[in-house]
Structure formats: structure tokens, C-alpha cells
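A single structure is presented below for examination.
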Amino acid sequence: MTTPFRQIELRYDPTAIDRKWQERWAADGLYRVPDDDPRPKWFEMTMYPYPSGDLHIGHWYAMAPSDCHARFRRMQGYNVLHPIGFDAFGLPAENAAISRGIHPHTWTMSNIENMRRQLKSMGAIYDWEREIICCLPEYYRWNQWLFLQLYRAGLAYRAKAPVVWCPSCQTVLANEQVVDGSCERCHTAITRRDLEQWFFRITKYADQLLDFTGLLDWPEKILTMQQNWIGRSEGAEIGFDISSHRLDVKEIRTFTTRIDTIFGVTFMVLAPEHPLVPRLTARSQHTAVAEYIAQARRTSEIERQSTDKEKTGVFLGSYAVNRLNGEQVPIFIGDYVLMSYGTGAVMGVPAHDVRDFDFARKYNLPIRQVIAPAAWDGKELAEAFVGDGFMTASARYDGMTNQEGKRAIAEDIEKKGWGSRTVSYRIRDWLISRQRYWGTPIPMIYCDACGIVPVLESALPVLLPPDAEFKPTGESPLAAHQGFVNTTCPQCGAPARRETDTMDTFVDSSWYMFRYTSPHYDQGPFDPALMQQWMPVDQYTGGAEHAVMHLLYSRFFTKALRDLGLVDFGEPFLRLYNQGIILGEDHEKMSKSRGNVVNPDLVVGQLGADATRCFMMFIGPWDQGGPWSDVGINGVARWLNRVWGVMEHDPNHLDAGAANSQTVRATQRLLHQTIRKCYQDLDRFKFNTTIAALMELTNHLSKVWAEASVDAATWRDCTRNFLLMLAPLAPHIAEEMWERAGHPYSIHQQPFPKWDEETAAEDTITLVVQVNGKVRDRIEVPAGISSGQAQELALASLKVQSYTQGKAVRQAVYVPGKLVNVVVG
RNA sequence: GCCGAAGUGGCGGAAUGGUAGACGCGCCGGUCUCAAAAACCGGUGGGGGCAACCCCGUAUCGGUUCGACUCCGAUCUUCGGCACCA
């Protein structure tokens with residue numbers, strides 16, 4: 001079924017005009033970005049798309065406004081780099097191979113071809129000679145090269161760790177890729193596995209990633225999300241003595257942010273996976289503990305993470321000693337304690353922690369209050385007291401505030417060697433191994449004699465063999481490819497095996513901005529001089545869903561590259577702007593199942609690229625997203641159609657004698673006000689009000705044409721500047737009308753118009769007169785009127801007098817250029 | 001549960017302390033037409049009035065102010081993020 005989007009008769013042929021200018025611009029290389037341009041540089045990037053095969057209207061929503069903004073910067077006099085590429089590695093390509101027998105490379109490249117055509121139909125200023133495709137060896141060899149640099153710097157390491165496993169994708173996931181206990185891609189509930197995997201040591205940069213001082217303008221929301229994701233918390237690590245068990249390990253280490261509550265410890269809880277559990281389990285408790293662990297393993301991640309789940313646990317039958325008071329406390333295991341945070345063991349302080357309180361209630365453990373508010377009546381607690389107060393039942397610390405107690409106890413345990421102040425983070429190292437084919441091979445070799453050996457840089461790239469079996473087995477398809485696996489050790493020359501896992505695709509996007517500066521450079525990931533010239537990115541735009549993955553990884557990569565001496569700055573993106581999400585006409589998220597998906601090709605085919613671009617920007621504030629509307633886009637198309645009509649008028653028909661000097665003045669004033677408004681609004685991504693201002697100017701020009709009340713020179717000045725303002729929004733018809741008006745090619749090499757404050761200034765204003773804050777009259781007055789004159793005129797108004805009669809005027813407030821408020825009482 | 005954003009006509013939205021509803025859609029009326037569509041012109045928050053005009057109105061309640069969509073406090077709703085992080 002074809003939806004008839006077009007409800008209007010256009011005066012022009014949008015398809016022909018789109019094609020004409022796209023071909024001409026391409027042939028002339030109008031948007032080729034020179035590296036040797038004396039103008040100041042502006043690097044404006046939008047997040048590159050995954051080549052799924054078809055451009056979605058959401059891509060238009062992300063890309064048309066960002067192109068408009070980049071074009072505006074170009075007209076402001078910058079040498080603008082606004083590149084595009086494809087995030088071409090990843091699971092969908094491999095799934096297509098499995099389900100339909102198409103090779104991932106074939107599938108991806110043909111998708112790219114189609115999407116490239118669709119992207120070109122937008123008429124953006126992309127310099128296609130700088131296009132990046134991550135799945136090509138000329139790109140991914142530098143993933144491998146960078147991996148080797150990180151490995152040498154100790155930032156890439158291999159470790160056995162309990163990792164998140166997606167049973168459907170048959171691969172591990174990074175923590176960031178888990179949403180509500182499920183795989184973010186296929187929504188299958190995740191499980192855990194112990195596997196040897198490659199990690200990037202992002203945790204080493206946790207504190208630096210929390211420092212946002214190098215950023216010029218990022219949404220507060222993204223900074224908060226990164227902050228929460230990194231989850232820094234200051235506290236102390238302290239050991240509880242288990243030397244009586246006669247093990248080689250003499251203590252259980254715990255992390256706490258509340259060392260001030262240590263005298264309130266009445267039990268300990270270890271994570272079920274804690275390595276000391278088997279050794280601390282008493283014979284009598286063996287069965288119960290084993291059962292609990294088995295059950296914890298069976299519990300799904302979703303259930304286990306649910307906060308309202310009852311706290312459960314099992315006593316191990318053994319005790320640890322709280323060194324501060326010498327007390328023995330029972331040791332439990334409980335699945336509310338996570339092995340992945342802190343030390344995997346917590347000290348139970350039921351009086352001052354809500355979770356410990358629940359646990360103690362359930363297992364009848366003592367609850368001892370050690371922090372009390374100033375007016376404490378000594379009554380038993382009904383719930384955990386987590387606020388500040390005074391230390392009590394805490395030996396020599398009694399009477400201190402708990403903040404003082406925190407410091408004093410920390411200092412004392414450090415002196416005694418029982419523990420120390422530490423910082424704990426929520427963020428984990430970035431797991432980059434994937435058991436899949438369609439990704440960058442990790443350039444490592446396993447030799448029986450030499451161990452783990454990096455591939456020589458001269459041997460890069462490690463190419464993906466074209467002929468792998470794509471069945472999902474839980475192991476990388478490369479593992480079954482003998483020709484790939486079998487190699488020789490770069491150190492000793494003996495037969496050796498290649499690493500068969502591939503890299504997370506977020507590795508590709510962590511440094512692609514650097515590659516755009518020299519996309520064909522073959523001596524390194526980027527040409528140092530060109531990188532220096534263009535980086536960092538001045539403006540980045542994209543969806544907020546990348547807040548804790550791509551955006552954090554990119555910041556980490558840049559800092560790591562800096563420490564490797566490859567770059568001399570630490571932040572890749574100076575400014576960030578997040579566009580919202582375009583919804584279906586029913587105000588719901590667009591999805592095939594809802595049947596509310598809009599096909600941009602169809603719209604562009606009927607109304608043209610410019611109407612589509614402008615509608616994307618007219619829906620509302622770009623960061624808020626908004627609903628698609630078939631009739632709405634027709635409204636925008638109608639406007640462009642009217643613009644066409646206005647521009648077709650021949651100003652030679654205007655008779656200078658008939659012009660009305662007041663209308664001429666008003667028209668010039670409106671033109672300059674519009675230039676000012678457009679300039680300021682485009683600068684801040686306020687496209688919707690930019691278009692509204694241009695619509696008002698269009699309406700005004702229609703009117704004065706009908707009246708023939710302006711002279712030809714004024715008309716030409718208005719239409720010329722109008723087209724220049726329209727150029728970044730609707731580049732094709734602006735260029736066409738520009739040519740028809742006889743201006744020299746190309747409008748897209750012209751500067752943005754400048755406004756003159758004096759011309760834009762109003763001569764008269766409508767003075768609003770209020771009585772007690774209610775509007776009672778409006779008077780036309782000269783703009784420069786004095787406060788005294790304004791008040792005099794206001795009080796002289798008959799309408800005002802009917803409200804002030806017989807009452808005392810207490811006060812009159814004059815707001816220059818706006819209003820007078822008369823207060824009577 | 002915690003954190004954040006938002007709530008304005010029939011609809012998308014504008015106005016960030018000073019004329020609420022710019023601009024667009026829709027709707028109503030008109031011009032053109034045999035007729036329709038398109039195009040063009042005019043009107044359009046609600047209520048009252050023949051009219052001049054008047055009253056009400058930005059989720060709800062309260063506060064600050066000469067003046068509040070805008071600032072402050074509480075509540076409700078919607079959306080987004082985080083969620084046993086010791």
C-alpha cells in the first residue's frame with residue numbers, strides 16, 4: 001500500500017530539482033573538505049548509522065537537522081568537517097548469514113550501498129571521500145594496532161571472570177549491554193559464565209572519567225548518567241579476623257562506606273560465589289550451604305536483582321572477629337551480596353542499613369544501635385536509622401558525631417594495620433571479547449612455550465577468513481576454521497593457535513572520529529598532523545541512549561591515546577547535543593508491529609528532500625523529539641510552495657512611486673529582525689522557531705507584493721537574504737531559486753546574512769497598560785518614551801481612568817518598551 | 001524506591017518575570033469553479049453579551065511579587081535513567 005503523503009499541488013518538481021543539484025554539487029566537489037583551508041576549522045559529527053539496509057525516518061530526524069547546523073557553521077565562515085560512515089560490524093549481519101545464507105560481508109556492503117543512496121537523497125554536505133566503513137581491513141587493522149598499544153601499556157588484559165552470557169546471541173556481553181537483566185539487543189534473559197576473556201582497563205580511568213572539566217557543553221543529564229554508571233563511593237576496607245580457622249587466609253576483607261557503624265556489626269554476609277565460602281562452611285551446615293548456592297545459581301539475574309525480593313541467606317556455622325571490640329559475629333552467605341562489587345563481603349549493621357535490617361529481622365539477629373539522633377529516647381528501632389547522629393555504644397568514640405567517628409576510626413584502623421580508606425567503583429572493566437565472526441579479530445597468539453604473544457605489528461591486519469561456518473555454537477566460528485587458527489608463534493616459530501574471539505563493535509566507534517581526519521592514511525590509525533588540525537570534535541550530535549557506552553568508551557580511548565603519547569588532549573567531543581526520538585503519528589514509538597513506521601524514500605519521492613528536512617526541524621524542539629504527521633509535513637511543503645511563488649515574482653513590476661515609505665521601513669525592519677532571530681536560533685539548534693520566523697517573513701512578503709507597497713530594491717534585498725537563510729534548511733530549492741534570481745553559483749558558498757540592530761529596532765511600541773496587574777488598555781507610543789511620559793499617558797487613558805476613579809494611585813511601574821502597571825488600592 | 005525532564009487551545013508547539021497561545025495543522029466563512037481539489041483572503045482558547053466590552057483560563061493546591069506559563073513549596077500524571085553497589 002502506498003500512502004498518499006502529498007495533498008497539495010506543487011508549483012515545482014521537487015524530484016527533478018533534488019536530482020539536478022545533487023548531481024551538480026557532486027560533480028563540482030562542492031562539499032569536499034580541504035585540509036589546507038585558512039578559515040577556522042569546525043568539526044561537527046553526527047553518530048554514524050548501523051547499515052541495517054534501509055534508512056529509517058529516525059535517521060532523517062538525527063541527520064537532517066545536524067546537517068542544517070553544520071551548513072550554518074559553514075555559512076558563518078568555518079571550514080566545516082561533517083563526515084559520515086557506517087558502523088559496519090555486528091551481529092545482525094551474522095544473523096542474516098545464519099538465517100538466509102548470505103555472507104555478512106555481502107549483506108553489509110549491499111546494505112551500505114542502498115543506505116548511501118538514501119543518505120545522498122538528503123542533500124547533506126557529507127564529503128563522501130571521507131566515508132568510513134569499519135568492517136573493511138583498512139579500518140579494522142587499526143583496531144588491532146590500537147589493541148596492541150593498549151596491551152603493551154597494560155590496558156588490555158586477559159582474565160577468567162564470571163561474565164554475562166546471552167544464550168540467544170551465543171556470546172558474552174559487556175555490563176553496559178545488559179538492560180533489566182536481559183540482552184539489550186534480543187531481550188533474552190542473561191546468564192553468567194566463567195570464561196577467559198579480554199578486557200580493557202577502563203576502571204583505571206574511573207576518576208578521570210568523572211572529571212568533566214575538559215568539556216565545553218554537554219547535557220547535564222548525560223553527565224549524571226555517566227557519574228551514576230561509574231558510581232564512585234568513598235569508604236574503608238577492613239578485615240575481620242578468621243585466624244582461629246587456621247586457614248592460609250587470616251581475614252575476610254569487607255568494604256564499607258559506614259566505618260562509623262563498625263560497633264554495630266552483628267553478623268557478616270558473603271556473596272554465594274565468595275572464594276572463602278567452602279572453607280568457612282562447618283560440616284553441619286554443608287548440605288544447607290550447598291543447596292543455597294545451587295539455588296542462587298539457578299535464580300535468574302532478573303529475580304536476583306529485584307530490590308523487593310526478600311533477603312535470604314544461610315549460616316555457614318562459623319564466626320569472624322570484629323577487631324575493634326573483639327566480638328565474634330556469625331558468618332552467612334546471602335545472594336543480596338554481589339561478588340562483583342567491593343570485596344564480595346559485607347559487614348552486617350542492621351541498625352543502620354536497610355538491607356541488613358531486613359536480613360537481621362528475618363534471621364533474628366541482634367540489632368544494635370550505634371548512631372543516635374540528638375533527641376534519642378533509647379527506644380528500639382522500627383526501621384534502620386541511616387541519618388547522621390552521635391556515636392554511642394562505640395567505646396572511646398562515644399559522643400563524637402558520626403562524621404568525626406568515621407575519620408577517627410579510619411585513622412585508627414590504618415594505624416593498627418586492620419584496614420584502610422579506599423574508594424570503590426560500580427564500573428567494571430570493559431569486556432571486549434565476543435564469540436562471533438563478524439568483528440575485528442583480536443590480534444593475539446597462544447603458544448605452548450611462550451604463552452600469550454601479540455601478533456607483530458608488521459603482520460597486521462589479521463584478516464577475517466571469508467569462508468567460515470556461521471552456526472552459533474557458543475564459540476567463535478573462527479575456532480572451527482583450521483586455516484585461521486593454526487599459525488606460528490611470532491617469538492619462537494613453533495606451531496601456535498590464534499585467538500578466535502572478535503572485538504566488541506564499540507571498539508570501532510571509540511576512535512572513528514580520529515579516523516575521519518585522515519580516512520585513507522595507511523601508516524597509522526590517523527595522520528598525526530591532520531588529527532591535530534581537526535580534533536577534538538567541536539560538536540557531536542546523536543541519541544542519548546549512548547550515554548554510558550559509546551560516549552564513555554570514546555572518552556576512555558582518548559585518555560588512553562593521550563597517555564600513549566598519540567594525542568595531546570583528553571576529551572574527544574567538546575560539545576554534545578542529544579536529539580529526541582521521532583514517534584509515529586499515533587504518538588507511539590515507531591515499530592513494524594504497530595504499523596506506524598514512516599518510509600522516508602516514499603515521502604522524499606512525493607514532497608522532496610527539502611520538505612522532509614524542514615518538517616524534521618519544524619516538529620518541535622529537536623531535543624524533545626515528537627510525532628510524525630502526514631498532514632504536518634504537507635503544511636511545511638505548502639510553505640515551501642508559497643516561498644516558490646513569492647520568489648517567482650518579478651520585482652521589475654514594482655513601481656517605485658507606489659511604494660509606501662512606512663511599509664518599506666516595516667519590511668526592512670522585519671527582514672533584519674528575522675535575520676537576527678534565525679542566526680541566534682540556528683546557533684542553538686532551535687530549528688522550529690527559525691522556520692516559524694521565515695514563515696512570518698514569507699507571509700509579510702506575500703502581503704506587500706499583493707499591495708505593491710514596496711520598491712524593487714527592497715524586494716530584491718528581502719528575497720536575496722531570505723534565500724540565504726533558507727539555504728541550510730532547504731538546500732535544493734534555495735539553490736534553484738537562487739539561480740533563477742540570477743545570483744552566482746553557489747548559494748552554499750555564501751556567508752550567512754548579517755543584521756543591523758538599528759534597522760531591526762522598532763520605532764513605536766504598543767504600551768500595555770495594566771491596573772493592578774490586569775491589562776486594561778494598549779497605546780501606541782514612540783519606542784524611546786521616558787518613564788514619566790509613559791506613566792502620564794497611561795493615567796490619561798479613559799479605560800484606565802474607569803478603573804482608577806475614586807481610588808488612590810499608590811504606585812506605577814514602568815517596564816521600558818513594554819508596559820505600565822498602575823497600582824491602586 | 002532514588003535521580004532527572006516534562007505537563008499550555010481540537011493537535012504539534014511559541015512565550016524563561018511584563019500583551020498567554022507566535023508559527024503550522026485542523027476547523028469555519030469567503031473568492032475562483034458547472035462542481036470538487038488546489039490556490040488565495042478572513043476568522044478561530046472557553047463562557048457571557050445585540051454591541052462596546054466583561055469574566056474565566058498555562059496539571060492541582062498554596063506562596064513570593066506591582067505583575068507568575070516562567071521563581072519557591074507541596075501534590076498528581078506522563079516520559080527517561082538508575083536500582084540490593086554495602
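Model, not experiment: these values are computed from the prediction. Chain identifiers are assigned alphabetically (A, B, ...) following the order of the sequence lines, protein sequences preceding nucleic acid strands; residue numbering begins at 1 within each chain.
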### Task
Run the salt-bridge test on Arg421(A) and Glu234(A) with the 4.0 Å N-O cut-off and return the result as yes or no.
no
### Task
Go through the side-chain N and O atoms of Tyr425(A) and Asp207(A) and say whether any donor and acceptor fall under 3.5 Å apart.
yes
### Message
Does G24(B) have OP1 or OP2 under 4.0 Å away from a side-chain N or O of Asn699(A)?
### Response
yes
### Separation of atom CG in Asp623(A) from atom P in A6(B), rounded to whole Å
10 Å
### Task
Measure from CG on Asp630(A) to C1' on G26(B) and round the result to the nearest Å.
14 Å
## Note on the structure
Residues passing the side-chain hydrogen bond (donor to acceptor under 3.5 Å, both in side chains) test with Glu792(A), sequence neighbours excluded, are none
### Message
Main chain of Lys406(A), side chain of Asp260(A): is a donor-acceptor contact present, judged purely on distance under 3.5 Å?
### Response
no
### Query
Is the centre of the Trp218(A) ring less than 6.0 Å from the centre of the Phe212(A) ring?
no
### Task
Give one of base, sugar-phosphate or nothing for Val813(A), where a contact means two heavy atoms less than 4.0 Å apart.
base
### Query
Starting at CD1 of Ile581(A) and ending at P of A5(B), how long is that distance when rounded to a whole Å?
18 Å
### Message
Does the plane of the ring in Phe359(A) sit parallel, tilted or perpendicular to the ring in Tyr336(A)? Use 30° and 60° as the thresholds.
### Response
tilted
### Task
Return the nearest nucleotide to the side chain of Gln811(A); candidates are A86(B), C66(B), G26(B).
C66(B)
### Query
So with a 6.0 Å cut-off around CD1 of Ile581(A), is the heavy-atom count from everything else above 12?
no
### Query
Got a sec, which residues hit ring pair (Phe, Tyr, Trp, His ring centres under 6.0 Å) with Phe240(A), two or more places apart in sequence or on another chain?
none
### Query
Where does G9(B) land, syn or anti, given syn is within 90° of 0?
syn
### Query
What residues, two or more places apart in sequence or in another chain, satisfy side-chain hydrogen bond (donor to acceptor under 3.5 Å, both in side chains) together with Gln624(A)?
none
### Message
Taking the C1' atom in each of G21(B) and G7(B), what is the distance between them to the nearest angstrom?
### Response
16 Å
#### Entry: Residue Tyr341(A), side-chain atoms from C-beta onward, closest of A38(B), G13(B), A86(B)
A86(B)
### Query
Taking the side chain of Asp353(A) as heavy atoms from C-beta outward, which of G12(B), A86(B), C40(B) is closest to it?
A86(B)
### Message
Let's see if you can work this out: which of A14(B), C23(B), A86(B) has an atom nearest to the side-chain heavy atoms of Glu696(A)?
### Response
C23(B)
#### Entry: Residue Thr766(A), side-chain atoms from C-beta onward, closest of A39(B), A22(B), U19(B)
U19(B)
### Query
For Ile8(A) and A39(B), what is the distance between atoms CD1 and P respectively, to the nearest whole Å?
6 Å
#### Entry: Protein-nucleotide distance (Asn821(A), atom CG; G17(B), atom C1'), rounded to Å
13 Å
### Task
May I ask you to decide if Val800(A)'s main-chain N or O and Asp777(A)'s side chain share a donor-acceptor pair within less than 3.5 Å?
no
### Message
What's the closest nucleotide to the side chain of Val337(A) if the choices are A86(B), A22(B), C66(B)?
### Response
A86(B)
### Query
Is Asn641(A) reaching over with its side chain to a backbone N or O of Glu9(A), donor-acceptor style, under 3.5 angstrom?
yes
### Query
Near RNA chain B, under 4.0 Å by heavy atom, which residues of residues 252-270 of chain A?
Phe255(A), Thr256(A), Thr257(A)
### Message
Check this one for me: any side-chain N or O of Arg638(A) less than 4.0 Å away from OP1 or OP2 of C25(B)?
### Response
yes
### Query
Quick check, are the ring centers of Trp622(A) and Tyr577(A) under 6.0 angstrom apart?
yes
Sequence neighbours excluded and cut-off under 3.5 Å, please list the side-chain donor-acceptor pairs for residues 685-693 of chain A, or say none.
residue, atom, partner, partner atom, Å
Thr689(A), OG1, Asp681(A), OD2, 2.7
Thr689(A), OG1, Lys686(A), O, 3.2
Thr690(A), OG1, Lys686(A), O, 2.9

### Query
Can you check the Glu234(A) CD to A86(B) C1' distance for me, whole Å?
15 Å
### Task
Select one nucleotide: of C23(B), C84(B), A38(B), the one nearest the side-chain heavy atoms of Asp335(A).
C84(B)
### Task
Not counting sequence neighbours, list each pair that qualifies as a side chain to side chain donor-acceptor pair (under 3.5 Å) and has a residue in residues 342-354 of chain A.
Asp353(A)-Arg355(A)
### Task
Kindly point out which of C66(B), C23(B), A39(B) is positioned nearest to the side chain of Arg11(A)?
A39(B)
### Task
Take Gly344(A) and Gly635(A), find for each the nucleotide of RNA chain B with the closest heavy atom, and name the residue whose nucleotide sits nearer the 5' end.
Gly635(A)
### Contact state string [nucleotides 46-56 of chain B, B base, S sugar-phosphate only, - no protein heavy atom under 4.0 Å]
-------SSSS
#### Entry: Basic-acidic side-chain contact under 4.0 Å: Asp335(A), Lys311(A)
no
### Summary
Closest to the 5' end of RNA chain B, once Gly231(A) and Gly620(A) are matched to their nearest nucleotides, is Gly620(A)
### Message
Counting only side-chain heavy atoms from C-beta out, which of C84(B), A14(B), A86(B) sits nearest to Asn688(A)?
### Response
A14(B)
### Task
Describe, in one word, how the ring planes of Tyr12(A) and Trp644(A) are oriented to each other, choosing from parallel (under 30°), tilted (30 to 60°) and perpendicular (over 60°).
parallel
### Message
From CD of Gln673(A) over to P of A15(B), roughly how many Å is that when rounded to an integer?
### Response
16 Å
### Summary
Here the gap from Asn772(A) atom CG to Gln811(A) atom CD, rounded to the nearest 0.5 Å, amounts to 10.5 Å
### Task
Determine: side-chain N/O of Ser233(A) to OP1/OP2 of A86(B), distance under 4.0 Å, yes or no.
yes
Nucleotide N/O of nucleotides 76-82 of chain B paired with protein N/O under 3.5 Å:
residue, atom, partner, partner atom, Å
C82(B), O3', Arg426(A), NH1, 3.3

### Message
Using modelled atom types and a 3.5 Å cut-off, is there a donor and acceptor pairing between side-chain atoms of Glu585(A) and backbone atoms of Asp630(A)?
### Response
yes
### Query
The side chain of Glu9(A) lies closest to which of these nucleotides: C23(B), A37(B), G18(B)?
A37(B)
### Message
Suppose we screen for side-chain hydrogen bond (donor to acceptor under 3.5 Å, both in side chains). Which residues come up paired with Ser424(A), at least two apart in sequence or across chains?
### Response
none
### Query
Does C66(B) have OP1 or OP2 sitting under 4.0 Å from an N or O in the side chain of Lys818(A)?
no
### Task
Within residues 641-650 of chain A, find the residues that approach RNA chain B with a heavy atom at under 4.0 Å, and present them sorted by residue number.
Arg642(A)
### Message
Tell me whether the count of non-hydrogen atoms from other residues, nucleotides or ligands lying under 6.0 Å of CZ in Arg810(A) goes above 12.
### Response
no
#### Entry: RNA chain B-proximal residues of residues 701-709 of chain A, any heavy atom under 4.0 Å
none
### Task
Would you tell me whether Thr224(A) and Glu220(A) have side-chain atoms, one donor and one acceptor, within less than 3.5 Å of each other?
no
### Task
Quick one: the dot-bracket string of RNA chain B, using Watson-Crick and G-U wobble pairs with both distances under 3.5 Å, [ ] for crossing pairs and | for bases paired to another strand.
(((((((..(((.....[....)))((((((.......))))))((((....))))..(((((..]....))))))))))))....
### Task
Round to a whole Å and report the spacing from CE of Met695(A) to C1' of C23(B).
6 Å
